Amino acid sequence: PGCGSKFQGNDEMKPGYLPPQKYEVQQKLAQIEDAQKLQDKVESDTWSTEDEVEWLLKAGGGTTPEDDDKIDINGMAED
């Protein structure tokens, strides 16, 4: 955020306020950015058991190993 505060959608008088539709978009973008960071970590050399658990939860537990290779970022954006 430009003013240094986190985005929020509750109080117009507080820093970081966004109208409901814009706030929802920012929330979705944050989720996508988190998924992309996790995807980058998967492709790097650093990987912990916590990272693997987070990956499994976000990947959605596909039915085949190929399904779990990547988080469906495009699907996240469509929701």
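Note: hydrogens, waters and symmetry copies are ignored here, and every other heavy atom, side chains too, is used. Worth saying up front: this structure is predicted, and the values here are computed from it rather than measured.
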By side chain to side chain donor-acceptor pair (under 3.5 Å), S48 pairs with (sequence neighbours left out) E50, D51
Value for CD (E33) from CG (L38), rounded to nearest 0.5 Å, stands at 13.5 Å
- Message: Using only atom types and a distance under 3.5 Å, with no angle test, would you say the side chain of Q8 pairs donor to acceptor with the backbone of K14?
- Response: yes
Taking every heavy atom of G16 against every heavy atom of S5, the minimum-distance pair comes out as N-OG, 4.1 Å
Excluding V25, membership of its hydrophobic cluster (Ile, Leu, Val, Met, Phe, Trp, Tyr; side-chain heavy atoms within less than 4.5 Å) reads L29
